[in-house]
Amino acid sequence: MGSPLFNISVLGFLALILLQQFSFSYSLTCTSQKFSGRREYQQCNDLPQLSSYIHWNYIESKSALDVAFVAPPVTPRGWVAWGINPYSQGMVGSQSIVAYMDDKDKMVVKTYNITSYQPTPSKIDLMILALEAEYVDGFIKIYATMILPKNLGTTVNHVWQVGPSGMDGMLGKHAFGSENMNSMGKLDLVKGEISSYAAPGGELKHKYVHGILNALSWGFLFPVGVIMARYLRTFDSLDPAWFNLHVFCQVLGYILGVAGWGTGMKLGYESKGIEFPLHRKIGIALFCLCTMQVLFALFLRPKKDHKHRTLWNFYHHIQGYLIVILGIVNVFKGLTILSPAAKWINSYTLILYILLGIAIFAEVVTWIVYCKKRSPRPTNRYPSA
């Protein structure tokens with residue numbers, strides 16, 4: 001066995017390590033945190049995700065909330081955010097406060113009304129009386145004093161998030177791991193209790209379903225159907241195959257488009273306070289125009305030899321082109337709102353370029369065939385004896 005002095009030294013060293021571990025663990029709780037400016041808070045909680053903490057004072061009679069949010073940035077100049085969502089659960093619709101360190105090592109704190117997945121600084125629907133942020137010991141601390149709307153009650157939906165620094169003043173996209181997707185819950189301002197709820201995966205899933213259905217219908221099937229009708233009919237050998245393919249693309253596109261339009265209306269109904277007016281108006285216009293187009297084509301189309309067939313063809317073609325143009329425009333509007341990975345936007349753009357190239361090539365071929373059909377056939381000037 002070693003000497004008593006050696007044993008005491010070893011035990012002392014182990015005790016020091018345990019004390020440091022205990023002190024470190026103890027420091028990672030909301031109750032041990034200190035704040036500058038003699039700030040003190042009656043309530044605090046350790047948030048379940050992203051090593052974050054929330055402190056607050058709440059005066060119910062005045063709906064006044066004094067809050068401190070503490071979180072470590074993921075990169076030295078990364079951002080942290082905390083907000084209240086008055087309209088629904090989740091990030092979209094939240095009235096958020098974001099803080100980060102700029103290139104001059106100064107703390108920047110801004111408000112963001114999160115209406116899409118690519119937010120920009122904007123005014124929020126909460127009355128902010130004071131706003132400040134600081135960086136201390138690897139944590140960003142956001143301090144805010146605000147007046148909450150009376151109709152929110154004393155239990156609010158709150159969200160928090162961390163992300164990397166971005167380019168040109170934009171926030172870098174946060175990660176999509178379990179912690180990031182579940183950094184949300186309910187905060188009881190009076191009782192001092194927090195509760196978590198799972199990330200609104202169903203809502204996000206519905207948004208992707210909405211986007212896929214509309215991109216496939218308005219943004220792909222309808223243009224393909226128009227290309228078939230315009231160019232394949234030039235070749236007599238493809239009649240009536242071109243017509244059947246045209247009808248198949250347009251009817252399937254209409255079915256998928258109505259399904260996508262329905263999911264969009266459902267998302268709008270469930271997302272109170274979150275509006276995308278132009279995207280919504282174009283969607284409604286597309287539904288109405290396409291419904292008219294399908295009904296008129298199925299039930300009111302004159303026969304080929306009818307005196308009004310030329311007029312009907314003119315209306316049918318113009319409305320068809322209008323549907324294709326509005327559909328593509330609205331697909332890009334939806335992509336802007338959803339902000340998916342760049343590869344999806346680039347892929348859809350590439351598909352459109354391919355369709356455009358096919359249309360240009362087919363247009364040239366069609367005019368060549370048309371001109372040949374219109375040109376008079378040579379006749380034999382000298383009849384045989």
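- The ring pair (Phe, Tyr, Trp, His ring centres under 6.0 Å) test applied to H306 returns H308, not counting sequence neighbours.
- Residues satisfying the ring pair (Phe, Tyr, Trp, His ring centres under 6.0 Å) test with Y41, not counting sequence neighbours, are F35.
- Annotation for F248: atom CZ does not count as buried by contact number, only 12 or fewer foreign heavy atoms lying within 6.0 Å.
- The closest side-chain donor-acceptor pair between H55 and Q43, if any, does not fall under 3.5 angstrom.
- Sequence neighbours left out, the pairs with a member in residues 59-75 that pass side chain to side chain donor-acceptor pair (under 3.5 Å) are D66-T145.
- Within 6.0 Å of atom CZ in F235, more than 12 heavy atoms from other residues, nucleotides or ligands are found, so the atom counts as buried in its surroundings.
- Counting only heavy atoms from C-beta outward, the side chains of P121 and Y112 approach each other to under 4.5 Å.
- Looking at every heavy atom in both residues, E134 comes nearest to M107 through CA-CG, 3.9 Å.
- I97 approaches M146 most closely through the heavy-atom pair CD1-CE, 4.0 Å.
- Counting Ile, Leu, Val, Met, Phe, Trp and Tyr side chains that sit under 4.5 Å apart, directly or through other members, I147 shares a hydrophobic cluster with M127, L129.
- Residues satisfying the side-chain contact (heavy atoms from CB on, under 4.5 Å) criterion with T291, sequence neighbours excluded, are Y254, F287, L295.
- Residues P72 and L50 approach most closely at CD-O, 3.7 Å, considering heavy atoms.
- Side-chain atoms of Y100 and K110, non-hydrogen and from C-beta on, do get closer than 4.5 Å to each other.
- Listed by chain and number, the residues in a disulfide (SG to SG under 2.5 Å) with C249 amount to none (sequence neighbours excluded).
- Identified under the side chain to side chain donor-acceptor pair (under 3.5 Å) test for residues 215-234, with sequence neighbours left out: N214-W218, R230-E363, Y231-E363.
- For Q161, the side chain to side chain donor-acceptor pair (under 3.5 Å) partners two or more places apart in sequence, or in a different chain, are N180, S183.
- Between H174 and V162, the shortest heavy-atom contact is CB-O, 3.2 Å.
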N/O donor to acceptor pairs below 3.5 angstrom from side-chain atoms of residues 238-245, sequence neighbours left out:
| residue | atom | partner | partner atom | Å |
| --- | --- | --- | --- | --- |
| D239 | OD1 | W242 | NE1 | 3.4 |
| N244 | ND2 | P240 | O | 3.4 |

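- Under the rule for a ring pair (Phe, Tyr, Trp, His ring centres under 6.0 Å), W344 has no partner lying at least two apart in sequence or in another chain.
- Using modelled atom types, one finds no donor on one side chain facing an acceptor on the other under 3.5 Å when comparing N113 with K123.
- With sequence neighbours excluded, the residues satisfying ring pair (Phe, Tyr, Trp, His ring centres under 6.0 Å) with F296 are Y315.
- For N330 and H279, the side-chain atoms include at least one donor-acceptor pair closer than 3.5 Å.
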ask   = Between K34 and E40, is a salt bridge (charged side-chain N to carboxylate O under 4.0 Å, His left out) present by the stated rule, with each step listed?
value = CA-CA 8 Å; K34 303 297 181 182; E40 294 184 357; over 6 Å; no
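- Qualifying salt bridge (Lys or Arg N to Asp or Glu O under 4.0 Å) partners for R77, counting only residues two or more places apart in sequence or in other chains: D105.
- At a threshold of 4.5 Å between non-hydrogen side-chain atoms, the residues T155 and L189 do not count as touching.
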